[in-house]
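Start at 1 and go down the list; that is how both ligands and their atoms are numbered. Heavy atoms only: backbone and side chains are in, while hydrogens, waters and symmetry mates are out.
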Amino acid sequence: MSVVISRSTAELTPSEAARIRTLLDGAFEGRFTDALWGQALGGVHFFVEEDGVPISHASVVPRVLAVRDREINTGYVEAVGTRHSDRRQGLARSVLAAARRHIEDTYELGALHSVLPTFYEHLGWERWRGPTFVRTDSGLERTRTDDGCIHIWRVEAGAAVDLDDPISCEWRPGFVW
Ligand SMILES: CC(C)(COP(=O)(O)OP(=O)(O)OC[C@H]1O[C@@H](n2cnc3c(N)ncnc32)[C@H](O)[C@@H]1OP(=O)(O)O)[C@@H](O)C(=O)NCCC(=O)NCCS
């Protein structure tokens, strides 16, 4: 059983933050941009270390999603990655379980964006079926390319959401979802 460390972004030392970034740069093979890193900050990080080096990570940041007109305080999962040499040993499963417990203690709903076809559903997340939107200063804009990529984790208060309803996120720089 892996020991999962949890730290808010504010609690991370600069070297811990740098080591997590290095892990993610490797896990995403150069596709982990500064924008993605920025979106992974401002919440709580969950990670497993080996000899002081993070080898698997996920973070949960606060967002407000809206299902139809109902705003829902959401823990949004970002920056999920495991070092190549340590994959398929249940590490991401462990950090995501810790992230999920934090979501259940803190938020009304969990959510994340992923293009992986089966990974999150295999871990119990539900794929959103309805249309996706972003809320901007000029109103709702469709985010068609994100349809089918949003996954949710039901927490008691948010349990009644209908997966076929429209869902929106607030605008943010970089990837809105
Ligand atoms: C996806 C990723 C985080 C999985 O990490 P991991 O530590 O190997 O995952 P785990 O070993 O905890 O796997 C948990 C379960 O998912 C399955 N699984 C692992 N990788 C998978 C993948 N890419 N696709 C589908 N299922 C996968 C495992 O078989 C396991 O199921 P099991 O326990 O029933 O056997 C890792 O491959 C990675 O870092 N990929 C590159 C970055 C990335 O794509 N991140 C996700 C972005 S949303």
Candidate pair Arg135 and Glu141, rule salt bridge (Lys or Arg N to Asp or Glu O under 4.0 Å), full reasoning: CA-CA 6 Å; Arg135 302 188 298 277; Glu141 284 177 19; over 6 Å; no

N-O pairing of Arg172 and Glu78 below 4.0 Å: yes

Backbone N/O of Asp162 and side chain of Arg129: donor-acceptor pair under 3.5 Å: no

Derivation and outcome, side-chain contact (heavy atoms from CB on, under 4.5 Å), residues Glu16 and Glu11: CA-CA 9 Å; Glu16 267 176 334; Glu11 289 168 343; over 6 Å; no

Geometric N/O contact Ser56 with ligand 1, under 3.5 angstrom: no

Phe28, CZ: over 12 other non-hydrogen atoms inside 6.0 angstrom: yes

Per-atom contacts, ligand 1 versus Val80 - under 4.0 Å to a heavy atom: 3 (C), 42 (C), 43 (C), 45 (N), 46 (C)

Test item, Gly90 contacting ligand 1 (heavy atom, 4.0 angstrom): yes

Heavy-atom nearest neighbour of atom 42 (C) of ligand 1 within options Phe32, Phe28, Tyr120: Phe28

Heavy-atom protein contact below 4.0 Å for atom 37 (O) of ligand 1: yes

Numbered atoms and elements of ligand 1 in range of Ser114, under 4.0 angstrom, heavy atoms: 48 (S)

Protein contact of atom 13 (O) of ligand 1 - nearest heavy atom, named by residue and atom, plus distance: Phe119 CE1, 3.8 Å

Residue Gln89 vicinity, atoms of ligand 1 by number, heavy atom under 4.0 Å: 11 (O)

Any N or O of Arg87 closer than 3.5 Å to N or O of ligand 1: yes

Arg31 atom CZ, neighbour heavy-atom count above 12 within 6.0 Å: yes

Arg93 N/O under 3.5 Å from ligand 1 N/O: yes

Single-linkage hydrophobic cluster Val77~Val48, side-chain heavy atoms < 4.5 angstrom: yes

Shortest protein heavy-atom distance from atom 1 (C) of ligand 1, along with the residue and atom involved: Leu116 CD1, 3.8 Å

Top protein contact for atom 7 (O) of ligand 1, by heavy-atom distance: Thr82 OG1, 2.8 Å

Sole residue of Trp125, Trp128, Tyr107 in ring-ring contact (aromatic ring centres under 6.0 Å, His included) with Trp153: Trp125

Ligand-side contact atoms (ligand 1) for residue partner His122, heavy atom cut-off under 4.0 Å: 15 (C), 16 (O), 31 (O), 32 (P), 34 (O)

Salt-bridge present (Asp105, Arg101; N to O < 4.0 Å): no

Arg127 and Asp147 ion-paired at < 4.0 Å: no

Atom 23 (N) of ligand 1 [closest protein heavy-atom partner, distance rounded to 0.1 Å]: Arg88 NH2, 4.1 Å

Distance from atom 25 (C) of ligand 1 to nearest protein heavy atom, with residue and atom: Thr118 OG1, 3.4 Å

Closest protein heavy atom (residue, atom, distance) for atom 9 (O) of ligand 1: Ala92 CB, 3.4 Å

